[in-house]
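Single-structure report; data block below.
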Amino acid sequence: MTGHVLLIAGRINRQFLRDRRFLGLSLVVPVLLIVLLKYVIDSLPGLIRLGANISEYSVLLAAFLVHFLAYVLATIVLVRDRNTGTLERMFVSGYRRSEIVMGYVAGYSTIAVAQTAIVLILTRLLFHVRIERDLAAVVLTMLALAVVSVGLGVFVSNFARNEGQVFPFIPLVTIPSGLLSGVAIPVEDLPRVLQWISNIVPLTWAARVLKPVIVKKESFLGSLPDFLVLLGFGVLLLALASLTLRESE
Amino acid sequence: METGPAIEIRGLTKTYGAIRALDSASLRVERGSIFGLVGPNGAGKTTLIKALCGVLRPDSGEALVLGADSRAGRHELRPRLGYMPQTPSLYEDLSPMENLHFFGGASGLEGLAGHVRESLEFVRLWDRRDDPIHTFSGGMRQRASLACALLGDPELLILDEPTAGVDPTLRQSFWDHFRFLCGQGRTIFLSTNQMEEAVRCDRVAVILRGRILVSDTPGAIEGRGRAVVTILLAGGASEQHETSDYERELPRLLKAHGLEQGVEGIRVERQGFEDVILSLIQEAE
């Protein structure tokens, strides 16, 4: 099992390294978005007077980016694997569903870690947010979020016949994530119904872990229950993805 | 040593909405033989092949591959199968070497590096082993895909149009290799549109709209063809008779017409293998 997972993860990473344009875009896009955020915040000093917390924004934006990119990538690549026949060949060669899902998680976690590192370094440099003390907590949360995102991507890929059909699923996940998770609007300011719905948005739990650690400088242990819920989402989605990954027509 | 057929399918049916991709298909493939599945595009060849590989769930019927159910026993069967899909189905940004190591790695093959080299040398891609697949021509991709199927010398090779886009010289060497493997006790099940390839198989089945029209040796299928017997008479006259078995029919024809005398010649035009297959398909349509 482990050997097969590593083979799949290794293959995905080799493909990343081989596709220079894709690799470049995956690493440059987070940079551009953080720079854009810096520009917007600097142009609107009123935001800070209104009490907006820049460190909160930047780290939550990083989490949103990791979630968004890992989810979209996993969905598109799985659909492409199915359409080109490589997924079928993987099955016939002897790879099993759970190994494929875990292999994708391991493979995409590498790029998610690279994206997280870029975003955190820029956050430190541009917004002067001190995250060194909480680095382990932030990275762990981002990794858990990447696992959730890949699981969600593999699950969603079952409903798309081609890469074009993936696109309607992108806003279906990312817009509720942006609006309801507390990244853009504090959850407590949302109507009660939306607050309930926010509980089924995985990014909400990542935000609940990160906010106290980054903004209030609280211990990661205090956020452990929220982190475990996020992990629970990961386990649930991976199980769902493994069970639903179509091996046959 | 296992006995029994390499493949046995009984009443296999698969529908996609209103389309019957497989319609009570039944076949038997003996071990150590080359079996060809012939039919026009959309006849059900690929669907049948996918069912054999366990990546298609039939609506009814059963497919036994090397003695095991192709669906229920698929995990145990897979190391014993070599599969070449119709499209190359390889990672285009990786080299053939990387692709073969990746797909071959799943079966836990011992001495994988040696097997990879052997396969790539056979399909004459060893010199291009490190070039990405997207730089290859269609025929080269087919060769890389075949190399992947050959990895580890599997007991049963299931090949979906293996020589499509391959040049005649290499096609000949593919067939020489298939015969060699067959001599080693391996079984080869392949689909093809090429009649000159089908005739090289030990047995051939013709499929149309998911139904197996006939399954027999190429010689026996050709023997089903009709012949036109033209009896050339003195003075330039002639008589034509169409018969399915001219060797038996000829004496009767001659006697019936009182033509023991004065026959100057007999011309027999028999249907070839391809004509017989086309006739079978036309009759069924």
Side-chain angles (χ1 to χ4, degrees), chain A residues 1-26 73 76-104 106-107 111 158 161-163 242 244-249, chain B residues 14-16 21-22 46-47 49-59 65 70-71 74-95 97-109 112 130 132-134 141 145 148-149 151-152 154 158 160:
Chain A
M1 166 100 181
T2 319
H4 286 185
V5 170
L6 291 177
L7 273 171
I8 296 167
R11 189 264 296 164
I12 290 170
N13 285 319
R14 251 195 303 281
Q15 285 181 285
F16 281 148
L17 291 174
R18 208 58 58 79
D19 191 345
R20 297 277 162 82
R21 187 177 300 180
F22 170 79
L23 188 66
L25 281 172
S26 300
L73 267 179
I76 289 179
V77 172
L78 234 321
V79 170
R80 194 168 57 190
D81 264 345
R82 188 170 285 127
N83 287 347
T84 55
T86 42
L87 186 64
E88 182 184 277
R89 191 164 216 158
M90 281 172 79
F91 281 128
V92 179
S93 299
Y95 288 107
R96 299 198 179 199
R97 289 191 297 189
S98 55
E99 293 167 347
I100 293 174
V101 171
M102 294 307 293
Y104 275 86
I111 196 134
N158 285 309
R161 291 262 168 216
N162 54 55
E163 282 155 282
S242 297
T244 56
L245 184 65
R246 274 184 282 121
E247 187 176 346
S248 55
E249 292 171 21
Chain B
K14 175 74 182 177
T15 52
Y16 295 102
L22 288 177
T46 298
T47 309
I49 280 180
K50 283 176 189 273
L52 294 177
C53 293
V55 289
L56 180 126
R57 200 189 302 268
D59 299 334
V65 176
S70 68
R71 280 283 305 161
R74 62 191 185 280
H75 296 306
E76 291 69 35
L77 276 174
R78 279 168 181 169
R80 302 166 70 190
L81 292 186
Y83 170 50
M84 177 182 175
Q86 196 173 24
T87 51
S89 305
L90 297 168
Y91 290 102
E92 299 246 317
D93 35 8
L94 300 183
S95 67
M97 183 91 138
E98 288 168 324
N99 269 291
L100 264 65
H101 272 282
F102 174 66
F103 289 110
S107 59
L109 206 59
L112 180 61
D130 293 324
I133 297 279
H134 68 75
R141 286 169 204 227
S145 181
C148 199
L151 270 181
I158 299 178
D160 199 353

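Proteins come first, then strands; the chains are lettered A, B, ... in the order of their sequence lines, and each starts at number 1. What you see below is based on every heavy atom in this structure, not just the backbone, and it leaves out hydrogens, waters and symmetry mates.
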>> Out of B/Gly105, B/Gly108, B/Pro79, return the one with the most heavy atom pairs under 4.5 angstrom to chain A.
In response: B/Gly105
> So which of B/Leu94, B/Thr87, B/Ile158 has the largest heavy-atom pair count under 4.5 angstrom toward chain A?
Replying inline: B/Leu94
[X] portion near chain B, given a 4.5 angstrom heavy-atom threshold:
| X | result |
| --- | --- |
| A/Arg96 | side chain |
| A/Thr84 | backbone |
| A/Arg18 | side chain |

> Does B/Leu90 offer a backbone N or O that forms a donor-acceptor pair with the side chain of A/Arg89 under 3.5 Å?
Replying inline: no
>> With a 4.5 angstrom heavy-atom cut-off, is it the side chain or the backbone of B/Pro132 that approaches chain A, or both, or neither?
In response: neither
> Given that the side chain runs from C-beta out, which part of B/Ser95 has a heavy atom under 4.5 Å from chain A: side chain, backbone, both or neither?
Replying inline: backbone
> What is the distance from atom OG of A/Ser93 to atom CG of B/Leu109, rounded to the nearest 0.5 Å?
Replying inline: 11.0 Å
> What distance do A/Glu88 atom CD and B/Leu56 atom CG have between them, rounded to the nearest 0.5 Å?
Replying inline: 9.0 Å
> Going through the distances and angles, do B/Arg74 and A/Phe91 end up as a side chain to side chain contact (heavy atoms under 4.5 Å, CB included)?
Replying inline: CA-CA 9 Å; B/Arg74 62 191 185 280; A/Phe91 281 128; over 6 Å; no
> Which heavy atom of B/Tyr83 sits nearest a heavy atom of A/Val92, and at what distance?
Replying inline: CB-CG1, 3.5 Å
> Among residues 8-15 of chain A, which residues come closer than 4.5 Å to chain B, judged by heavy atom distances?
Replying inline: A/Ile8, A/Arg11, A/Arg14, A/Gln15
> Can you name the ring-ring contact (aromatic ring centres under 6.0 Å, His included) partners of B/Phe102, sequence neighbours left out?
Replying inline: A/Tyr95, B/Tyr91
